[in-house]
Chemist: 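Structure provided below as structure tokens; questions to follow.
Just so you know, ligand 1 is whichever comes first in the structure, and atom 1 is the first atom listed for that ligand. Residues: numbered from 1 along the sequence shown.
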Amino acid sequence: MTTRPAAAGTGLAAAGTGLAAVDDVEYGARFLGSLSLHEGRDPARLRQWAAAAAEFGAALAPAAIPAPLRIVESEGGLERGLLARYTSRPPTVELYTDSLEAAERLVTAHGWRKWFPAGSVRAAALAHEAVHERLHHGPERAALKKALGHTALRLGRFRVLAHVAGAEELAAHAYAQSVCGLGRTPLLLSAALAASAAPAREK
Ligand SMILES: [Zn+2]
């Protein structure tokens with residue numbers, strides 16, 4: 001779960017209103033568009049994929065955090081642009097407490113508590129990373145490809161479905177949003193974090 005999908009570094013108050021005005025699917029499309037693999041891709045296609053990936057993630061059956069998943073907490077998320085990350089060997093979720101605290105502060109500062117209840121950022125980060133775990137190992141990986149329907153190759157009546165870079169990330173965000181009862185996509189938080197970090201990085 002990164003904080004990267006950046007908005008420009010405007011003032012905090014104005015930024016909050018501006019960030020919230022962008023709809024959730026558009027955040028998904030912007031995220032896909034930020035990936036080099038999608039450079040020059042039709043924006044309408046990106047929106048379509050973003051919507052499909054979000055729909056897929058929101059519809060995933062809620063599951064407990066898998067037992068073998070280790071959870072470790074550390075600092076240094078802000079400088080790396082990360083809220084949390086999943087590593088597969090061994091299956092571990094790393095939560096960056098500095099980023100989580102910063103996100104909670106921004107929720108308060110922007111008046112977004114109705115969308116992100118207290119403590120929900122941490123819960124969403126855990127739910128998000130658990131989807132990476134599921135999509136890494138489980139049958140849902142193929143189901144996501146199918147939901148996106150991006151054809152890599154056509155051999156007569158056979159279609160070979162392609163992986164859509166970034167779709168897993170959007171599915172993870174949508175799942176987290178759904179199971180944690182968030183009013184908006186966690187990408188809004190990512191954008192807020194990136195915007196608040198931007199002025200410091202522009203030195
Ligand atoms: Zn992720």
Chemist: Can you tell me if, anywhere in His128, an N/O/S atom lies at a distance from the Zn ion (ligand 1) that is smaller than 2.8 Å?
Modeler: yes
Chemist: Need the atom name: nearest N/O/S atom of His132 to the Zn ion (ligand 1).
Modeler: NE2
Chemist: Suppose we only allow N, O or S atoms; which atom of Glu169 ends up nearest to the Zn ion (ligand 1)?
Modeler: OE1
Chemist: Quick check on the Zn ion (ligand 1): does Glu168 put an N/O/S atom closer than 2.8 Å to it?
Modeler: no
Chemist: For Glu73, is there an ion pair with Arg122 - N to carboxylate O distance below 4.0 angstrom?
Modeler: yes
Chemist: Between the side chains of Arg47 and Asp23, is the shortest nitrogen-to-carboxylate-oxygen separation below 4.0 Å, so that they form an ion pair?
Modeler: yes
Chemist: Please round to the nearest 0.5 Å and tell me the distance separating atom CZ of Phe56 and atom CG of Leu148.
Modeler: 8.5 Å
Chemist: So that I can tick it off, tell me whether Glu104 and Arg113 are bridged by a salt bridge, with the cut-off set at under 4.0 angstrom between side-chain N and carboxylate O.
Modeler: yes
